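Note: hydrogens, waters and symmetry copies are ignored here, and every other heavy atom, side chains too, is used. In this chain, residues are counted from 1 in sequence order. Remember, predicted model here, so these are calculated numbers, not experimental data.
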Amino acid sequence: MFSFFLAALFVSAQAHSAHFKLADKFIGSDFFSGFDWKTFDDPTHGRVNYVDQQTALATNLSYAHNTKFFMRADAHTVVSDDARGRDSVRIESFSAYDQSVFILDVEHMPAGCATWPAFWSLSQSSPWPQGGEIDIIEGVNLNTNNLVSLHTIANCTMPEERKQSGQTQSTNCDTNFNFNQGCGTSLTQSNSYGSPFNSNGGGWYAMRRTQDTGIQVWFWPRNSWRVPLQVRYPYIFEHIGFGTDNWGEPDASFPVKQCDYSTHFDSHKIVFDLTFCGDWAGNVFASAGCGTSTCVDFVDNNPDKFKEAYWEINSLYVFKRV
Ligand SMILES: *[C@@H]1O[C@H](CO)[C@@H](O)[C@H](O)[C@H]1NC(C)=O
Ligand SMILES: *[C@@H]1O[C@H](CO)[C@@H](O)[C@H](O)[C@H]1NC(C)=O
């Protein structure tokens with residue numbers, strides 16, 4: 001009886017929190033119709049040659065069957081000096097989303113020396129970073145702990161102490177501050193990125209963005225017993241929608257206290273990419289324990305070192321705030 005009353009109180013106290021309904025889902029070949037294969041030069045100066053969808057299909061760098069979607073780097077070819085870089089894939093959703101929840105079920109992510117994969121979202125406003133950038137999964141080389149970060153225009157900072165399990169790395173989201181470091185939180189779970197993530201069967205990442213809570217990211221490893229139902233079985237909620245009140249403390253949280261939501265964030269497209277070397281992975285290649293050659297030589301001459309450089313996605317659901 002007593003606990004019944006507590007539950008009733010709890011429900012009414014939460015009555016005003018956000019509710020989300022299905023906007024889009026991507027499983028298997030849905031990615032081929034819902035995403036655009038981008039072929040421009042990597043803006044982060046990576047040793048990469050992003051190929052179009054037709055080429056990616058022909059070379060099996062992108063592949064789907066009923067329940068899986070793969071995106072990978074070429075792991076067969078020695079790259080010639082005058083090439084743009086190693087063949088790889090960068091895809092961007094056709095649709096853009098504002099207040100929403102993304103739920104990504106991922107089995108395997110690109111890992112290894114020289115790699116720099118990311119799952120993120122980006123405003124279509126210009127110039128960058130007008131409208132903001134949200135990096136949900138990102139890291140380089142042999143990293144094992146995921147870094148979540150935001151990149152924005154001026155006047156967006158984060159308190160050092162927040163309700164998050166992760167560790168604050170930097171608090172100013174303004175890209176003009178500290179060479180565009182952004183405001184970042186690194187996750188404490190050492191299977192949240194790279195090969196430990198993969199050997200554990202990956203897991204689930206969820207990102208929520210609302211004007212009242214700001215931006216939150218959660219990670220649950222494959223073997224976690226705490227995965228919320230809405231995350232493990234999003235298809236159950238396709239028609240009825242859900243709230244996120246039972247998801248527990250986020251692993252990374254970016255509240256709106258010192259960062260006005262609507263002037264810093266608008267609708268974002270979703271991006272998956274996989275580059276090599278460049279502004280981040282390249283600059284820390286040696287200190288990451290990746291050897292004494294240059295990062296670019298490593299990428300060009302060691303195709304077999306890129307066998308683990310692939311995304312294997314089970315599903316991506318987008319629920320929109322209603
Ligand atoms: C293409 O990639 C998929 C996924 O890794 C694999 O199962 C399949 O055998 C590959 N096909 C070819 C022709 O290599
Ligand atoms: C940031 O805040 C300062 C001080 O209020 C203001 O002068 C400036 O225009 C703001 N910049 C942006 C990009 O909003």
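In this structure, the side chains of Tyr317 and Tyr235 come closer than 4.5 Å at one or more pairs of heavy atoms. Gln164 has its side chain out of reach of Gln216: every pair of non-hydrogen atoms, C-beta onward, lies at least 4.5 Å apart. In this structure, the side chains of Ile91 and Phe69 come closer than 4.5 Å at one or more pairs of heavy atoms. Residues Lys269 and Asp36 are not in side-chain contact: their nearest non-hydrogen atoms beyond the backbone lie 4.5 Å or more apart. With contacts defined as side-chain heavy-atom distances shorter than 4.5 Å, the pair Ile134/Met207 qualifies. A 4.5 Å side-chain heavy-atom check between Trp116 and Val48 finds every atom pair outside the cut-off. Looking at Ser315 and Phe26, their side chains never come closer than 4.5 Å, going by heavy atoms from C-beta outward. Inter-residue side-chain proximity for Val318 and Ile270 is flagged as met; some heavy-atom pair is nearer than 4.5 Å.
Checked by atom type and distance alone, the side chain of Thr168 pairs as donor or acceptor with a backbone atom of Glu160 at under 3.5 Å. Thr294 places a side-chain N or O within donor-acceptor distance of the main-chain N or O of Asp297, the cut-off being under 3.5 Å. The backbone N or O of Arg47 lies less than 3.5 Å from no partner atom in the side chain of Arg86, so there is not a single donor-acceptor pair. Proximity of a side-chain donor or acceptor of Gln99 to a complementary backbone N or O of Gln211 within less than 3.5 Å is detected. Side chain of Arg90 to main chain of Val271: no donor-acceptor pair is present (N/O by atom type, distance under 3.5 Å, no hydrogens or angles). At distances below 3.5 Å, at least one donor-acceptor pair connects side-chain atoms of Ser88 with backbone N or O atoms of Leu274. Proximity of a side-chain donor or acceptor of Arg209 to a complementary backbone N or O of Phe102 within less than 3.5 Å is not detected. Between the side chain of Ser253 and the main chain of Pro250, no donor-acceptor pair closer than 3.5 Å is present. With hydrogens and angles disregarded, a donor-acceptor distance shorter than 3.5 Å links the side chain of Arg84 to the backbone of Tyr50. At least one donor-acceptor pair closer than 3.5 Å links the side chain of Asn146 to the backbone N or O of Ile136.
The two residues Leu187 and Asn145 come nearest to each other via the heavy atoms O-ND2, 2.8 Å. Closest approach of Val256 and Gly214 over heavy atoms only: CG1-CA, 3.5 Å. Here the closest non-hydrogen pair linking Gly132 and His268 is O-NE2, 3.1 Å. For the pair Glu138 and Asp135, the tightest heavy-atom approach, listed with the atom from each and the gap, is OE1-OD2, 3.3 Å. The two residues Arg162 and Thr185 make their nearest non-hydrogen contact at NH1-OG1, 3.6 Å. Of all non-hydrogen atoms in Pro117 and Gly139, the two that sit nearest each other are CD-O, 3.5 Å.
Atom CD of Gln258 sits in a crowded spot, with more than 12 heavy atoms from other residues, nucleotides or ligands closer than 6.0 Å. Open room surrounds NE2 on His239; 12 or fewer heavy atoms of other groups in view lie less than 6.0 Å from it. The number of heavy atoms from other shown groups lying within 6.0 Å of NZ (Lys257) does not exceed 12.
In this structure, a donor-acceptor pair under 3.5 Å is present between the side chains of Asp266 and Ser125. A donor atom on one side chain and an acceptor atom on the other are found under 3.5 Å apart for Asp273 and Trp120. Side chains of Asn155 and Asp260: no donor on one and acceptor on the other come within 3.5 Å.
In this structure, CD1 on Ile27 lies 9.0 Å from OG1 on Thr67, to the nearest 0.5 angstrom. Rounded to the nearest 0.5 Å, atoms CZ (Phe94) and CZ (Phe35) are 9.5 Å apart. Separation of atoms OG (Ser192) and CG (Asn143) is listed at 9.5 Å; rounding is to 0.5 Å. Between atom CD1 of residue Ile313 and atom NE2 of residue His108 there is a gap of 11.0 Å, rounded to the nearest 0.5 Å. To the nearest 0.5 angstrom, Thr275 atom OG1 is 10.5 Å from Asp41 atom CG. The line from OG1 of Thr115 to CG of Asn141 is 6.5 Å long, rounded to the nearest 0.5 Å.
The ring pair (Phe, Tyr, Trp, His ring centres under 6.0 Å) analysis of residues 151-201, with sequence neighbours excluded, yields the pairs Phe197-Phe219. Within the structure, the ring pair (Phe, Tyr, Trp, His ring centres under 6.0 Å) test picks out the following pairs touching residues 245-265 (sequence neighbours left out): Trp218-Trp247, Trp220-Trp247, Phe242-Trp247, Tyr261-Phe265.
Ring centers of Phe119 and Tyr205: at least 6.0 Å apart, outside the cut-off. Checked against a 6.0 Å centroid threshold, the rings of Phe276 and Phe306 count as neighbours.
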Worked check of side chain to side chain contact (heavy atoms under 4.5 Å, CB included) between Thr77 and Val79: CA-CA 6 Å; Thr77 316; Val79 178; 5.6 Å; no
Working for side chain to side chain contact (heavy atoms under 4.5 Å, CB included), residues Asn60 and Arg72: CA-CA 8 Å; Asn60 211 32; Arg72 69 174 96 247; 4.2 Å; yes
Candidate pair Cys290 and Cys113, rule disulfide (SG to SG under 2.5 Å), full reasoning: CA-CA 6 Å; Cys290 284; Cys113 283; 2.1 Å; yes
Evaluation steps, side chain to side chain contact (heavy atoms under 4.5 Å, CB included), between Asp304 and Asn302: CA-CA 5 Å; Asp304 55 307; Asn302 297 285; 4.2 Å; yes
Side chain to side chain donor-acceptor pair (under 3.5 Å) between Asp251 and Ser165, worked out: CA-CA 5 Å; Asp251 296 296; Ser165 71; 2.6 Å; yes
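By the criterion of side-chain heavy atoms lying less than 4.5 angstrom apart, applied directly or through intervening Ile, Leu, Val, Met, Phe, Trp or Tyr residues, Tyr233 is grouped together with Leu22 in one hydrophobic cluster. Follow the hydrophobic side-chain contacts under 4.5 Å out from Val89 and you reach Ile137 in the same cluster. Hydrophobic clustering of Ile, Leu, Val, Met, Phe, Trp and Tyr side chains at less than 4.5 Å, counting indirect connections, keeps Leu104 apart from Tyr310. In the hydrophobic clustering of this structure, Phe32 does not group with Phe70; members are Ile, Leu, Val, Met, Phe, Trp, Tyr whose side-chain heavy atoms approach within less than 4.5 Å, directly or through other members. In the hydrophobic clustering of this structure, Trp37 groups with Leu61; members are Ile, Leu, Val, Met, Phe, Trp, Tyr whose side-chain heavy atoms approach within less than 4.5 Å, directly or through other members.
With sequence neighbours excluded, the residues satisfying side-chain hydrogen bond (donor to acceptor under 3.5 Å, both in side chains) with Asp82 are Ser80.
The pair Asp105-Arg222 meets the salt-bridge criterion, since a charged nitrogen lies less than 4.0 angstrom from a carboxylate oxygen. Residues Lys25 and Asp30 are not paired through a salt bridge, judged by the lack of any N-O separation under 4.0 Å between the basic side chain and the carboxylate.
The SG atoms of Cys259 and Cys173 sit 2.5 Å or more apart.
The only option from Phe272, Phe31, Tyr63 that meets the side-chain contact (heavy atoms from CB on, under 4.5 Å) definition with Met71 turns out to be Phe272. Between Thr244 and the choices His19, Arg208, Gln230, the side-chain hydrogen bond (donor to acceptor under 3.5 Å, both in side chains) rule is met once, by Arg208.
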